[in-house]
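Residue numbers start from 1 in every chain, and the chains themselves are labelled A, B, ... in the order their sequence lines are given, proteins ahead of strands.
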Amino acid sequence: MSGAIEQPRFTCALGSCQSVVAIKKGVPILHSGPGCGVQVERIIGQGEGYAGGSTMPCTNSEEADVVFGGEKKLRNVIENSFKVIDGDLYVVITGCTAAITGDDVASVVGEFQLDDKPIVYVEEGGFKSNNYVSHSRLVNAIIDQYVDKFNEDREVIEGLVNVFANIPYQDPYWNGNLEQLKRILTGIGLKVNILFGNESEGVSEWKSIPQAQFNLFVGSWAGLDIVKHLKRKYGTPYLHFPYTPIGAKETSKFLREVAKFGGLDEKKVEAYIDREEKKFYSHIDKMASFMLEFRYGIPRRFYSLADASYSLGFSKFLLNELGIIPGIQFIVDDIPEKYQESVLDEFSRISDLQRRDVQVVFDPDAGLDQKKLLEDAKDYENKRILILGSSWDKHIADELHGDLLIVSVPVQHRLVMNCGYLGYEGGLRAIEDIYDRVLATYR
Amino acid sequence: MSTISIKEPSVVIREKRLGTINAFTGSASQIVEKSAKGELHDCKRKFSQCLGCNQQQAFCQLAMIRDAVVINHAPIGCSGEFADFNFTYRIEQTKRNLPAALGRYYSTNILEKDTVFGAAKKLEETIRLAYEREHPNAIFVTTSCASGIIGEDIEAVVEAASKELGIPVATCNCEGFRSKIWTTGFDAAYHTVLRGIVKPAEKKTNKVNIINFWGSHVFDDIVRRFGYEPQYIIPFSTVEELSHVSEAAASIHICPSLSTYMGAGLNQLHGVPEVLVPPAYGVAGTDRWLRAFGKLVGKEEIAEEIIKEGHEKYLPEIEKLKERFKGKRAYVTAGAAHGQALITLLGELGMEVVGAAVFHHDPVYDSGDDKLDILGQAVKNYGDVPDYRVCNKQACELVNALNRIKPDLILARHGGMTLWGAKFGIPSLLIGDEQFGIGYKGALNYARRIDDALDSIEFIKNYSKHASNPYTKWWFEQDPGYFQGDGSGRGCARGNGGI
């Protein structure tokens, strides 16, 4: 889609600076206009992190830089970033001003790379893409310009896997989700490079990326370019699991696919899955009577305004584990056309028992999506509705007397720390959060 | 005095109009003196961190005009703030007993191909689409770095749209790179409103314009006491209300950094007089302000009544709290005029203001009247601030200064800066409501909140033990103004030099 957007739910290419913030002691350096960092932080940021927000170095382009070029200024800011900010990896990202004026960022950063400084650049420009796309470009730039320096034909480490999943900060629950991913993958016997967030060892972990036995991409499309790139570059095979697995059914399926792909010991893997499922369903057992018997109404139908990974993941989860039926799924991540068919295909197989026609709308103009949602909801006035969306959707949830679970940026109506909805524990957390919202509405 | 002209679509940027600077190292008395003598010159920095830009300040003023739509003619990233302002907008609706409404904001979503083949058509389409969806009474188009560099004739697009739709459609030229002073964005928004919305006065009313953000309505009682009606403009105004602000009896500034252009514009173009003394912060400041307002409206005796009542009602408790603040050293970080107002308040409360990191400095305001010099008055009333720096919101300068000065309290007025006090284990306070500190009651409000902040140190001390710090040892060994100016390492003391 390329038209106007009301209620944006992602940011521009420069948003990948938050992926740098998500790497331990990663320092983004923006070669951009003065307001860009703030704009990114305001829609996807969660506090400053280590060196994001007001700490993030930036050239703050002014009129003279646009007219005469900003290379000298960039050189100064890079040189002094090394002196002022204690980082393990510095990543220069260019904004609209530098992209249009055509600063030679490669040669400026190249001077520092020749000095063996841990620095990488990505030529973006906010208009070039959005942060769903630029995240892959950023990761690939780090691999090509930094990680690759340490790849001296070292051997593949059996059982080592690089994990790429939802985009840090764009997925509000990125950190919690990655923690869960690492937990379950370690559980089935893998050694995991999780690369971003608390459970990562930071830059040292990145250095072993070329040695992985295989790569894993968990998500619908945004990130696929990373594992494809790694396959071309190092010949590492990859497995693509095309949505966020939530709850026991999907997580077990996910783990079995990974185990098969990685050639893991089936007995051990099944033992782990069995343990986790028993725990999970013991809780479902406890709450099943509530779900079946509660007389004052709990949601029976849901809409999503979310990215494809969450929309698919939650649809499978809510349908199979909680009996909540999917209404229209509005996919707002500006998913390129070439990936839309596979998402529709996945939706067509959402039930094992019957064919379900889930209506899917791909449109990042969420203002228009909301109008369609309100129109459709008229037919279900007797049903309590759950909306999976963002803070933009608070008002329609209020209007429909529905329940809102925020699964997308912007997030103003809740505080996120280590919450994650991925995996077995994430599924339980989702159940708690959904019915917490429902029950809190009763006096 | 600058001459306000609305002939051109773009506002003249603040550094050209007012000689505004964003780097200085010295004392408050020095900057006051140099401002008066016209001796300040801006200088650059060899290292910089993320700022804010014009467009954000412009949007902040235009986004809550209740029946207007704002279209950001930009790539999608420039609309990161939409949701934030929508959140504020909706909370403030509740406070004002207004029905729930969503902020009506659109991005034209400029893509790479638009930078090559042009984005004007996209703007036309977005204006039509927004009109169909919302039927607003006005549409504002804010520009961006990308649209500015492409350099299309946006003015022609909006003029045609205005004719077609029969409502004002007005551009607000606020490209991020246009001005180094982000508050130029306020001026840009006001320029747009003065140019595109405000009509010549048909009559004079007893309304008083209070040019503000979305703070509490502290002027209600005061203004009514004088027999006038308060009219808080521009957030929460309607297009119709704005078209008549020229009819008001006077304009009040709550923060001249914000409203210098609007105040002077209404004065010069429509003859609406401004209250030209510093906003009513602190007891002495409130006395002075009330007298100035009384004089302006010819009711000086009412001012004296309010002063007497205010002193009787609030001073005893303020005096009591002042006892507790004796010997406490305070630090301020904030935008220019509001920072200076906070210095005034702290002085009033008997604290020693040992330092301030203020984001920019306007040597003079658009009215040209030096009676509006808040800092000059603060220095006169409460003494000098020995470490007064203009830091352009550079967190590294603030962090470095705090590490040296180690004050007992930090008063901040901007997200991302308060954090640093806490990281050093220093009680820190950010009060979002700009009007919270105004008047005698405001001084007491602040005194109470400061008392609370100084009291609740357990969290701050515990957090500071575990807080992350990305700055190097080397940086803490340099002077805070190291990167300002001529590379001497000691900062832009004379306010000149540059690289």
Side-chain heavy atoms of [X] within contact of [Y], under 4.5 Å:
| X | Y | value |
| --- | --- | --- |
| A:Cys12 | B:Ile76 | yes |
| B:Phe177 | A:Asp65 | no |
| B:Cys50 | A:Leu30 | yes |
| A:Val77 | B:Arg45 | no |
| B:Phe82 | A:Pro8 | yes |
| A:Pro34 | B:Trp182 | no |

Worksheet item: Of all the residues in residues 37-47 of chain A, which have a heavy atom that comes within less than 4.5 Å of a heavy atom in chain B?
Response: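 Answer by number: A:Gly37, A:Val38, A:Gln39, A:Arg42, A:Ile43.
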
Which of the residues [options] is involved in the greatest number of heavy-atom pairs with chain A at under 4.5 angstrom?
| options | answer |
| --- | --- |
| B:Gln394, B:Glu81, B:Met417 | B:Glu81 |
| B:Trp474, B:Tyr105, B:Trp475 | B:Trp474 |
| B:Glu125, B:Glu175, B:Arg133 | B:Arg133 |
| B:Lys393, B:Arg90, B:Gln55 | B:Arg90 |
| B:Gly176, B:Gly80, B:Ser79, B:Cys53 | B:Gly80 |

Does any backbone or side-chain atom of [X] lie under 4.5 Å from a heavy atom of chain B? Answer side chain, backbone, both or neither.
| X | answer |
| --- | --- |
| A:Thr55 | both |
| A:Lys371 | side chain |
| A:Val66 | side chain |
| A:Leu14 | neither |
| A:Ser81 | both |
| A:Ile100 | side chain |
| A:Asp365 | side chain |

Using modelled atom types and a 3.5 Å cut-off, is there a donor and acceptor pairing between side-chain atoms of [X] and backbone atoms of [Y]?
| X | Y | value |
| --- | --- | --- |
| B:Thr472 | A:Ile85 | no |
| B:Asn109 | A:Gly3 | yes |
| B:Ser48 | A:Cys58 | yes |
| A:Asn60 | B:Gln49 | yes |
| A:Glu63 | B:Ser179 | no |

Heavy-atom contact with chain A under 4.5 Å, split by part of [X]:
| X | answer |
| --- | --- |
| B:Phe59 | neither |
| B:Ala100 | neither |
| B:Ile71 | neither |
| B:Tyr106 | both |
| B:Asn469 | backbone |
| B:Glu134 | side chain |

More than 12 non-hydrogen atoms from neighbouring residues, nucleotides or ligands closer than 6.0 Å to [atom1] on [X], yes or no?
| X | atom1 | value |
| --- | --- | --- |
| A:Lys83 | NZ | yes |
| B:Phe476 | CZ | yes |
| A:Lys128 | NZ | yes |

Partner set under side-chain hydrogen bond (donor to acceptor under 3.5 Å, both in side chains) for [X], not counting sequence neighbours:
| X | value |
| --- | --- |
| B:Ser468 | B:Lys423 |
| B:Glu477 | B:Lys473 |
| B:Thr20 | B:Asp362 |

- Selection from A:Val84, A:Asp398, A:Thr11 maximising heavy-atom pairs under 4.5 Å formed with chain B: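 Highest number of pairs under 4.5 Å: A:Val84.
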
I'd like to verify something: which residue of A:Glu6, A:Glu79, A:Gln7 has the highest number of heavy-atom pairs under 4.5 Å with chain B?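 Top count of heavy-atom pairs under 4.5 Å with chain B: A:Glu6.
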
Exercise for the section: Step by step, work out the side-chain contact (heavy atoms from CB on, under 4.5 Å) result for B:Tyr471 and A:Asp86. Expected result: CA-CA 6 Å; B:Tyr471 292 101; A:Asp86 174 24; over 6 Å; no

Quick one, A:Cys96 with B:Ile149, criterion side-chain contact (heavy atoms from CB on, under 4.5 Å). Give me CA distance, side-chain angles, the key distance, then yes/no.
CA-CA 9 Å; A:Cys96 296; B:Ile149 303 177; 5.9 Å; no

Q. In Å and rounded to the nearest 0.5 Å, what is the CD to SG distance from B:Gln56 to A:Cys36?
A.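 The CD atom of B:Gln56 sits 8.5 Å away from the SG atom of A:Cys36.
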
Exercise for the section: Can you measure from CD (A:Glu62) to CG (B:Leu51) and round to the nearest 0.5 angstrom? Expected result: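 The CD atom of A:Glu62 sits 10.0 Å away from the CG atom of B:Leu51.
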
* Let me see the working for B:Thr115 and A:Phe127 under side-chain contact (heavy atoms from CB on, under 4.5 Å), right down to the final yes or no. => CA-CA 8 Å; B:Thr115 67; A:Phe127 51 79; 3.8 Å; yes

Would you check, one step at a time, whether the test side-chain contact (heavy atoms from CB on, under 4.5 Å) holds for A:Trp392 with B:Asn86?
-> CA-CA 8 Å; A:Trp392 280 119; B:Asn86 179 50; 3.4 Å; yes

